[in-house]
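What follows is one structure encoded as structure tokens, with my remarks underneath.
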Amino acid sequence: MSSQHLPVFLGLYIIMIPKIQLLDLPGIIEGASEGKGRGRQVIAVSKSSDIVLMILDASKSDGHRQILTKELEAVGLRLNKRPPRIYFKKKKVGGFSFNSTLPLTHVDEKLCYQILHEYKIHNAEVLFREDATVDDLIDVIEGNRKYMKCIYVYNKIDVIGIDDVDKLARQPNSVVISCNLKTTCKNVGRNGSCESLHETTRPAT
């Protein structure tokens, strides 16, 4: 049995619970990707993780979330995205080959060639399997992006109205809580709406 898992026996079922290491990192500020506020060290730890829990203030605008996402993307993190379906292979000879399996609206052969030329790549094979953007193509060429899951945790929902709480709860990959009142969403509708709140109890230590 792997030492990375702890067995829990429940009747006839065996559930393997992986060990989880939770790291509480200092807050990321605007300009962190450029080294401001020791941001590079903080983000470097983020890149080694499997999932990000982004703690946000529900009483503030969504601009905070956009700033944090921008800083993480600046160092190659792609949150809640999958790798672009673009086949890219450098070659020693043979020139430039461009193909696609569907109509493209963002990138054409000429633009792709110009981008590769900027990277001093003159021999390569490129195949688009989706209508990807220029940024997607650059991510594939760079080859050092990390795609990972992110859960957006909105705290302080006790200081906003239930309609605003419902709006936040409907957003993809989002959770609404109040650490002050130990409150979270109790009933979640089929469409992701928050139908009621309830108080949670902290386990005894």
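- The number of heavy-atom neighbours closer than 6.0 Å to CD of E125, taken from other residues, nucleotides and ligands shown, is above 12.
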| task | Would you sort out whether I51 and I151 count as a side-chain contact (heavy atoms from CB on, under 4.5 Å), showing the intermediate values? | result | CA-CA 8 Å; I51 188 171; I151 299 177; 3.9 Å; yes
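- Counting heavy-atom neighbours within 6.0 Å of K91 NZ, excluding the residue itself, gives a total above 12.
- A distance-only check finds no donor-acceptor pair linking the side chain of D139 to the backbone of D136 [under 3.5 Å].
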| query | After noting the C-alpha distance and the side-chain angles of S178 and N180, does the key distance pass the side-chain hydrogen bond (donor to acceptor under 3.5 Å, both in side chains) rule? | reply | CA-CA 5 Å; S178 171; N180 183 39; 5.3 Å; no
| said: Go through it in stages, so that I can follow the logic: the residues are R65 and S174, the test is side-chain contact (heavy atoms from CB on, under 4.5 Å), and I'd like the CA-CA distance, side-chain angles, deciding distance and then a yes or no. | reply: CA-CA 12 Å; R65 168 174 166 175; S174 298; 4.1 Å; yes
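- Remark: the backbone N or O of K156 is not paired with any side-chain donor or acceptor of D57 at under 3.5 angstrom.
- In this structure, I157 and D164 have side chains that are not in contact, with every pair of non-hydrogen atoms separated by 4.5 Å or more.
- Both V107 and Y119 belong to a common hydrophobic cluster when Ile, Leu, Val, Met, Phe, Trp and Tyr are linked at side-chain heavy-atom distances under 4.5 angstrom.
- A salt bridge between R145 and E73 is absent, with no side-chain N of the basic residue lying under 4.0 Å from a carboxylate O of the acidic one.
- In summary, the aromatic rings of F98 and F128 are positioned with their centroids under 6.0 Å apart.
- For the pair D163 and K167, the salt-bridge criterion is not met [side-chain N within less than 4.0 Å of a carboxylate O].
- Proximity of a side-chain donor or acceptor of D131 to a complementary backbone N or O of T105 within less than 3.5 Å is detected.
- No side-chain heavy atom of R85 sits less than 4.5 Å from a side-chain heavy atom of T101.
- Heavy-atom contacts from other residues, nucleotides or ligands closer than 6.0 Å to CZ of F96 number more than 12.
- Considering all non-hydrogen atoms of both residues, L56 and L68 come closest at CD2-CD1, 3.8 Å.
- Summarising the geometry of L102 relative to R129, their closest heavy-atom pair is CD2-C, 3.7 Å, with the distance given to 0.1 Å.
- M148 has its side chain within reach of V52: a pair of non-hydrogen atoms, C-beta onward, lies under 4.5 Å apart.
- L79 has its side chain out of reach of K149: every pair of non-hydrogen atoms, C-beta onward, lies at least 4.5 Å apart.
- Residues G94 and N123 approach most closely at N-OD1, 3.5 Å, considering heavy atoms.
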